[in-house]
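Note that these values count all heavy atoms, side chains included, but never hydrogens, waters or copies made by symmetry. As the structure is a prediction and not an experimental result, all values here were calculated from the model.
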Amino acid sequence: MKKKNIAILGSTGSVGTQALDVIRALPELLEVSVLTASANADLLIAQAQEFRPKAVVIVCEEKYTQVKSALEGLGITVLAGEKGLEEVVQFEEIDMVLNAIVGSAGLRPTVKAIERRKDIALANKETLVVAGALMMDLVHQYGVAMLPVDSEHSAIFQCLVGEQHNPIEKIYLTASGGPFRGKDRDFLATVTKQQALKHPNWVMGAKITIDSASLMNKGLEVIEAKWLFNLAVEQIDVIVHPQSIIHSAVQFQDGSMKAQMGVPDMKLPIQHALTYPYRQSNSFERFDFMKYTSLTFEEADKDTFRNLELAYQSLRDGGDRPCVLNAANEVAVAAFLADEISFLGMSDLIEATMCQQKMVKNPSLEDLLAIDKETRIVARSLAK
């Protein structure tokens with residue numbers, strides 16, 4: 001395998017730090033060319049001092065001087081702001097951009113990277129949730145690879161290798177069910193953010209952990225899967241699998257199924273995306289059948305966890321609806337974490353925002369970015 005130069009957007013977050021663990025273990029195959037962070041200047045500086053990338057970006061411009069001063073004399077270019085993100089992904093030597101930014105800030109850098117024919121390892125849900133049709137059109141136009149990093153989409157991707165001539169009948173995205181699996185709406189009415197932040201199987205950032213607890217994370221994955229694998233809404237099902245051992249499965253038109261399995265560890269799908277099409281040896285924990293003598297499955301409860309149904313509805317409605325859903329959800333999660341609304345209030349806020357926003361059937365990228373901003377304003381006003 002030829003050595004790959006990697007740009008990590010969001011290197012100080014959960015996915016970004018685990019990606020650096022993967023690169024640290026495979027120095028002969030992977031090299032860091034770019035690191036970026038939203039506001040965690042201290043960790044970005046430490047990462048840059050260790051990996052010596054060509055450039056770093058601190059999106060929070062107020063922290064530019066701190067980063068610039070700390071990296072003086074190391075030959076590392078320091079940029080700031082969202083424009084800096086768009087600039088660094090176009091560097092000639094970059095082979096792959098790992099987009100691990102949280103939120104719609106990941107959209108423009110992804111577009112710029114694709115236009116410069118960089119392969120994308122995608123951990124930023126918003127890229128496809130907000131602008132899936134446009135992004136996949138660009139992927140095909142420029143002939144780049146879009147490799148999923150989410151464990152569920154990575155599982156589907158792995159199941160489809162070698163199956164390009166075989167139509168998909170259905171895919172099953174598995175969900176752990178989060179910390180409130182099996183609970184009813186009476187229970188959910190009183191849950192706290194501390195309870196919601198305790199995920200049973202995965203270690204993730206606060207926003208994604210809350211999304212997992214509300215099943216919005218799974219709803220966003222349904223939308224992503226539609227675009228990644230060119231599926232109809234009816235071909236995507238969500239199954240609750242508490243053990244998180246089967247990461248997702250594909251059913252083909254002859255009824256046969258393929259599933260990808262393994263212990264819950266985000267480093268595995270990250271490594272697969274960064275080193276594809278090769279599987280590299282590693283020291284990750286191995287699955288032991290004797291530790292999991294029973295794997296169980298349940299139907300996802302869309303009535304109790306309404307966010308999942310709202311995500312399906314946005315996909316059925318089409319147009320800008322997934323963009324509106326996503327922006328409203330980000331505001332709702334922030335409001336919940338700030339103790340401004342209840343856990344169930346998140347779904348109410350998202351639905352109210354979607355009802356208030358006019359439908360745009362065929363939005364451009366600029367339209368979607370404007371809709372994203374407008375939706376946040378509306379959602380914030382409704383949250384008060």
Asker: Apply side-chain contact (heavy atoms from CB on, under 4.5 Å) to residues Lys218 and Glu152 and explain how you reach the verdict.
Answerer: CA-CA 9 Å; Lys218 208 53 51 177; Glu152 296 82 0; 2.8 Å; yes
Asker: If I take atom CG from residue Leu85 and atom CG from residue Leu107, how far apart are they, to the nearest 0.5 angstrom?
Answerer: 12.0 Å
Asker: How close do Phe252 and Glu163 get, counting heavy atoms only, and between which atoms?
Answerer: CZ-CG, 3.6 Å
Asker: Keeping the roles fixed (side chain from Asn99, backbone from Ile101), state whether a donor-acceptor pair exists under 3.5 Å.
Answerer: yes
Asker: Looking only at heavy atoms, what is the nearest atom pair of Phe343 and Leu188, with distance?
Answerer: CB-O, 3.6 Å
Asker: Hey, mind stepping through Arg116 and Glu92 against salt bridge (charged side-chain N to carboxylate O under 4.0 Å, His left out) and telling me if it holds?
Answerer: CA-CA 8 Å; Arg116 289 302 298 267; Glu92 188 65 35; 3.3 Å; yes
Asker: For the backbone of Phe187 and the side chain of Thr190, can you confirm whether one donor and one acceptor N or O come within less than 3.5 Å of each other?
Answerer: yes
Asker: With sequence neighbours left out, write down each residue that passes salt bridge (Lys or Arg N to Asp or Glu O under 4.0 Å) with Asp339, or none if nothing qualifies.
Answerer: Lys193
Asker: Looking only at atom types and distance, does a side-chain atom of Gln195 sit under 3.5 Å from a main-chain N or O of Thr192, one as donor and one as acceptor?
Answerer: yes
Asker: Do side-chain atoms of His241 reach the backbone of Thr296 as a donor and acceptor pair under 3.5 angstrom?
Answerer: yes
Asker: Is the backbone of Ser14 close enough, under 3.5 Å, to the side chain of Thr17 for a donor and an acceptor to pair up by distance?
Answerer: yes
Asker: Indicate yes or no: does Arg306 engage Glu309 in a salt bridge with an N to O separation below 4.0 Å.
Answerer: no
Asker: Looking at Ile168, is its backbone amide N or carbonyl O close enough to the side chain of Gln235 to form a donor-acceptor pair, meaning the two atoms are under 3.5 Å apart?
Answerer: yes
Asker: Run Gln260 and Phe157 through side-chain contact (heavy atoms from CB on, under 4.5 Å) and show every step you take.
Answerer: CA-CA 9 Å; Gln260 189 264 334; Phe157 179 82; over 6 Å; no
Asker: Looking at Arg279, His153, His247, which hits side chain to side chain contact (heavy atoms under 4.5 Å, CB included) with Gln158?
Answerer: Arg279
Asker: Kindly determine whether Ile210 and Met346 satisfy side-chain contact (heavy atoms from CB on, under 4.5 Å), including the steps that lead there.
Answerer: CA-CA 10 Å; Ile210 298 301; Met346 290 191 289; 3.8 Å; yes
Asker: Do you know the tightest heavy-atom contact between Val191 and Phe336?
Answerer: O-CE1, 4.2 Å
Asker: Determine the minimum heavy-atom distance between Lys63 and Ile58, stating which atoms define it.
Answerer: CB-CG1, 4.0 Å
Asker: Distance from Leu128 atom CG to Ile223 atom CD1, nearest 0.5 Å?
Answerer: 10.0 Å
Asker: Hey, what do you get for NZ (Lys125) to CG (Leu220), rounding to the nearest 0.5 Å?
Answerer: 6.5 Å
Asker: Please determine, by modelled atom types, if Gln47 and Ser11 share a side-chain donor-acceptor pair under 3.5 angstrom.
Answerer: yes
Asker: Under 3.5 Å, side chain of Thr174 to main-chain N/O of Ile246, donor-acceptor pair present?
Answerer: yes
Asker: Stepwise, does the side-chain contact (heavy atoms from CB on, under 4.5 Å) test hold for Lys118 with Val144?
Answerer: CA-CA 6 Å; Lys118 312 297 184 185; Val144 302; 6.0 Å; no
Asker: Is it true that Glu366 and Arg108 have a side-chain N and a carboxylate O under 4.0 angstrom from each other?
Answerer: yes
Asker: Checking Gln280 side chain against Gln271 main chain: does a donor-acceptor pair fall under 3.5 Å?
Answerer: no
Asker: Kindly give the heavy-atom pair with the smallest separation between Phe91 and Ala55, and that separation in Å.
Answerer: CE1-CB, 3.5 Å
Asker: Whether the side chain of Thr36 engages the backbone of Val56 through a donor-acceptor N/O pair (distance < 3.5 Å, no angle test) should be reported.
Answerer: no
Asker: Within the side chain of Lys207, is there an N or O that forms a donor-acceptor pair under 3.5 Å with the backbone of Val333?
Answerer: no
Asker: Between Leu215 and Lys302, is any pair of side-chain heavy atoms under 4.5 Å apart?
Answerer: no
Asker: Does a side chain donor of either Asp317 or Ser314 reach within less than 3.5 Å of an acceptor in the other side chain?
Answerer: no
Asker: If you take all heavy atoms of Thr127 and Met135, which pair is closest and at what distance?
Answerer: O-CG, 3.4 Å
